[in-house]
Visitor: 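Structure incoming, see below.
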Amino acid sequence: MAEDFEVEFIERDDRKARFLVRGMTPAVANGIRRAMIADVPTFSVDTVRFVENSSVMFDEMIGLRLGLVPLTTDLGDFEEGDVVTLALDVEGPATAYSGDIETSDGLVQPADQNVPIIELKEGQRLELEADAVLGRGKEHAKHQGGVAVGYRHLHRVEVVGDANEFDEQEPNILRGVIEEQAAEHAADEGAQNGDLVPTEAFDNDLAKRYPGKEVEVHDVPGAFVFHVETDGSFTVEELVRRAVESISDRAAELEEKIAI
Amino acid sequence: MMIPVRCFTCGNVVGEHWDEFKARAREGDEDPAEVLDDLGVERHCCRRMMVSHKDLVDVVAPYQ
């Protein structure tokens, strides 16, 4: 397996991206998906020491909420199992937000500043110290960096004929990305064969893209459209790169172990 | 009691948007669907977290 994959971005943001990969088998695509969920480590609060908690929630519930707050993770500078100490001290009346969390290491910070932890009333106080650990999604879902990670086949739409002109055309819903193969029939004037069109562009309805036509949808072999979102711990790019790295490391290890 | 930090189904962080959603759709008079679109809460699993949430801190506070 030495062929290169061809990667093309359809949508690209820090926390959300869609990209097309060609020349891949379903096994590799699924391997990458699983690695993104379970094998890329992120920081997450693991142990909490309460100094004072007179809020309406139990210590355990606040501990759970803290665990779910995403923390920025720079994977170049930390190794799995590393611990960073965080602290939170808020006195009511006020709401304790994730942004109030103080950190002992500037690289590890709450990725979102406005997540309410607990609302405190007059006279209530929350003071705690917490240890964030770099762990993997395999151990606990709070360490998952990837959110809503998945892939679909790239679709190719073939126009096979005209629809009966006296029939009311029914919606033909398709979600994903299509590779334009019948530009001459498309409702969009500027369409060219080979264009990658997300189905949202025509309201996920093929009847709107190819009005008055009978169409068939096929999968393009070996082409997968990944949809990747992160919780803010790192960028999508970092997540995908680390996931692929973890697979190739394990493959190399396997190769080395079975070689006699 | 408090808005869940993440969506139960997909794990997206929804707590981040609660304050704004509450101010605009619950206390304000904007359409909740439009506010959620605006906040980038797209999937219906995450949207139900916001739409069906009820803050209970004020209700339980006297019994502490």
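Sequence lines set the chain letters: A, B, ... in the order given, protein chains first and strands last, and positions in each chain run from 1.
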Visitor: Could you tell me which residues in residues 36-50 of chain B have at least one non-hydrogen atom under 4.5 Å from a non-hydrogen atom of chain A, sorted by residue number?
Guide: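 If one takes a 4.5 Å heavy-atom cut-off, the residues of residues 36-50 of chain B near chain A are B/Glu42, B/Arg43.
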Visitor: Less than 4.5 Å apart, side chain to side chain, heavy atoms only: is that true for B/Met2 and A/Ile117?
Guide: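 No. Closest side-chain heavy atoms not under 4.5 Å.
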Visitor: Report the distance from atom CZ of A/Arg15 to atom CG of B/Asn12, rounding to the nearest 0.5 Å.
Guide: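 Nearest 0.5 Å value for the CZ-CG distance: 8.5 Å.
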Visitor: If you count heavy atoms of other groups shown closer than 6.0 angstrom to CG of B/Asp29, is the number above 12?
Guide: no
Visitor: Within a radius of less than 6.0 Å around CZ of A/Arg34, do more than 12 heavy atoms belonging to other residues, nucleotides or ligands occur?
Guide: no
Visitor: Relative to chain A, which segment of B/Asp19 carries a heavy atom at a distance below 4.5 Å: side chain, backbone, both, or neither?
Guide: side chain
Visitor: Just give me the residue among B/Met1, B/His17, B/Glu20 that pairs up with chain A most often, heavy atom to heavy atom, under 4.5 Å.
Guide: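 Highest number of pairs under 4.5 Å: B/Met1.
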Visitor: Would you say the side chain of A/Lys121 lies within less than 4.5 Å of the side chain of B/Val57, judging by non-hydrogen atoms?
Guide: yes
Visitor: Take a 6.0 Å sphere around CZ of A/Phe9 and say whether it holds more than 12 heavy atoms from other residues, nucleotides or ligands.
Guide: yes
Visitor: Are the side chains of B/Cys10 and A/Glu229 in contact, using a 4.5 Å heavy-atom criterion?
Guide: no
Visitor: Are there over 12 heavy-atom neighbours, none belonging to A/Glu237, within less than 6.0 Å of that residue's CD?
Guide: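 Not buried by this count: 12 neighbours or fewer within 6.0 Å.
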Visitor: Please find the pair of heavy atoms, one from B/Gly15 and one from A/Pro116, that lie closest to each other, and give the distance.
Guide: O-CD, 3.3 Å
Visitor: Looking only at heavy atoms and a cut-off of under 4.5 Å, which of A/Thr230, A/Asn114, A/Val69, A/Leu64 has the most pairs with chain B?
Guide: A/Asn114
Visitor: Do A/Asp231 and B/Arg6 make a side-chain contact, defined as non-hydrogen atoms from C-beta onward lying under 4.5 Å apart?
Guide: yes
Visitor: Which residues in residues 95-110 of chain A have a heavy atom less than 4.5 Å from any heavy atom of chain B?
Guide: A/Tyr97
Visitor: Around B/Glu27, counting heavy atoms of other residues, nucleotides and ligands shown, do more than 12 lie under 6.0 Å from its CD?
Guide: yes
